[in-house]
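First up is the structure itself, then whatever we jot down about it.
In what follows, chains are A, B, ... by sequence order, proteins preceding strands, each numbered from 1.
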Amino acid sequence: MTKRRLDPSFYRRDALEVARDILGRTLCRRLAGGTLLRGRIVEVEAYSGPRDRASHAWPGRTARNAPMFAAGGIAYVYLVYGVHHCVNVVTGARDHPAAVLLRAAESPDGLGSASGPGRLARAFGIDRSLDGASLTGPDLWLEAGDGVADSEVGVTRRIGVDYAGAWARRRMRFVIRGHPALSGPRALNRRARTITPRSR
DNA sequence: GGTGCGATTGCA
DNA sequence: GCAATCGCACCA
C-alpha cells in the first residue's frame, strides 16, 4: 500500500505556508531504473513574490526562472556555481513567482543525511532534467501525512543571500529544530525562533 | 560575441 | 580561504 501524493492544492498557497508545511514530509524520487528513494525533509527556504530581493524571480521573468511563474505543483531545478543542483517546489498561483528551496533531508539510504541543497539534489538523483517536472507525476513527489508540530519548527533568516539587503534578514527559512542534518551555521540554527500560532 | 557571477561544496 | 565549472543574464 502506497501513501498518497500531496496534490496541487497543497502547493497553490503562500510560499511561507507551504515551506513550513513541507517540514517532516517525505520526498520521493523514482529513478529511471525503477529505484525509489525516500527521505524526510528537515530544512527549507521560501522565496516569495516579485519583490523578494533574494529570489531568482526578482529581476522579472527569464528563461531560467520561468518555472517559478507557473502554478504551484512543479519543480524548479537550477545549477549553481556550475557545479551543484538546487531543487525547489513551485508554490502559489500562476504568474505569482514563488518557490520553496529544499535544503536538507534525511538521506534516502536512511544512513547519513543530505545536508545542504547541493547534497540533497545529488542524494536524490535530481538534476535539470527535472526542471519544470510535475510533483504529482511519476518521477518526483511528496507524500501526504507526516508533518511536524509547531513546537518542532524553527524559523531563521535565509542562507547565502546576503546580497538581498533587508530581504536577507527576513525569517523565511524553516527547520526542524535541533535536527542533526541541518545545514548552515550552528549558531544560526541554535538561535532559530519557535513558530507561534500568531505568526501563522 | 564578451563578460561577470551565483539560493554551494570540498579541499588546501 | 578559495577554486571548481557552467548556464545564463546583461551589455555591446
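- Summarising the hydrophobic clusters (Ile, Leu, Val, Met, Phe, Trp, Tyr; side-chain heavy atoms under 4.5 Å, direct or chained), the residues clustered with A:Leu188 are A:Ile159.
- Counting non-hydrogen atoms under 4.0 angstrom, A:Met172 reaches nothing in the nucleic acid.
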Checklist entry - Just the dot-bracket of DNA chain B, please: which string comes out with Watson-Crick or G-U pairs under 3.5 Å, [ ] for crossing, | for another strand? => result ||||||.||||.

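- Applying the ring pair (Phe, Tyr, Trp, His ring centres under 6.0 Å) test to pairs two or more places apart or on separate chains, those with a residue in residues 77-97 of chain A are A:His56-A:Tyr78, A:Tyr76-A:Tyr78.
- Straight-line distance from the CZ atom of A:Arg173 to the P atom of B:dT8: 11 Å, rounded to whole Å.
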Distances under 3.5 Å only, N/O to N/O: pair up the protein atoms with those of nucleotides 1-3 of chain B.
none

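- Atoms CD (A:Glu43) and C1' (B:dT8) sit 13 Å apart, rounded to a whole Å.
- Straight-line distance from the OH atom of A:Tyr163 to the P atom of B:dG4: 20 Å, rounded to whole Å.
- Annotation: side chain of A:Phe124 is in contact with side chain of A:Leu27 (closest heavy-atom distance under 4.5 Å).
- A search for ring pair (Phe, Tyr, Trp, His ring centres under 6.0 Å) contacts involving A:Phe10 returns nothing, not counting sequence neighbours.
- Here A:Arg103 lies in heavy-atom contact (under 4.0 Å) with sugar-phosphate atoms only.
- A:Leu101 and A:Ile22 end up in different hydrophobic clusters when Ile, Leu, Val, Met, Phe, Trp and Tyr side chains are linked at under 4.5 Å.
- The distance between atom CZ of A:Arg158 and atom C1' of B:dG6, rounded to the nearest whole Å, is 15 Å.
- Between A:Asp14 and A:Thr91, every side-chain heavy-atom pair lies at or beyond the 4.5 Å cut-off.
- Side-chain contact check for A:His179 and A:Glu106: at least one donor-acceptor pair (N or O, by modelled atom type) lies under 3.5 Å.
- Whole-Å rounding puts the A:His85 NE2 to B:dG6 P distance at 19 Å.
- The pair A:Arg170-A:Asp52 does not meet the salt-bridge criterion, since no charged nitrogen lies less than 4.0 angstrom from a carboxylate oxygen.
- The CD1 atom of A:Ile126 lies 10.5 Å from the CG atom of A:Asn88; values are rounded to the nearest 0.5 Å.
- Annotation: C:dA3 and B:dG4 have their P atoms spaced 16 Å apart (nearest Å).
- Taking 4.0 Å as the cut-off between side-chain N and carboxylate O, A:Asp131 and A:Arg64 do not count as a salt-bridged pair.
- Rounded to whole Å, the separation between the C1' atoms of C:dC2 and B:dC5 comes to 15 Å.
- Here B:dG6 presents its C1' atom at 8 Å from OH of A:Tyr78, a figure rounded to the nearest Å.
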Checklist entry - What string of B, S and - do you get for nucleotides 4-12 of chain C 5' to 3' if you count protein non-hydrogen atoms under 4.0 Å? => result BBBSSSS--

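- Residue A:Arg53 qualifies as enclosed at atom CZ: its count of foreign heavy atoms under 6.0 Å is above 12.
- Contacts of A:Arg122 with the nucleic acid, taken as non-hydrogen atoms under 4.0 Å apart, involve only primed sugar atoms and P, OP1 or OP2.
- Regarding A:Tyr47, its OH atom lies at a distance of 4 Å from the C1' atom of B:dA7, rounded to whole Å.
- Between A:Ser183 and A:Arg103, the side chains place a donor N or O and an acceptor N or O closer than 3.5 Å (distance only, hydrogens not considered).
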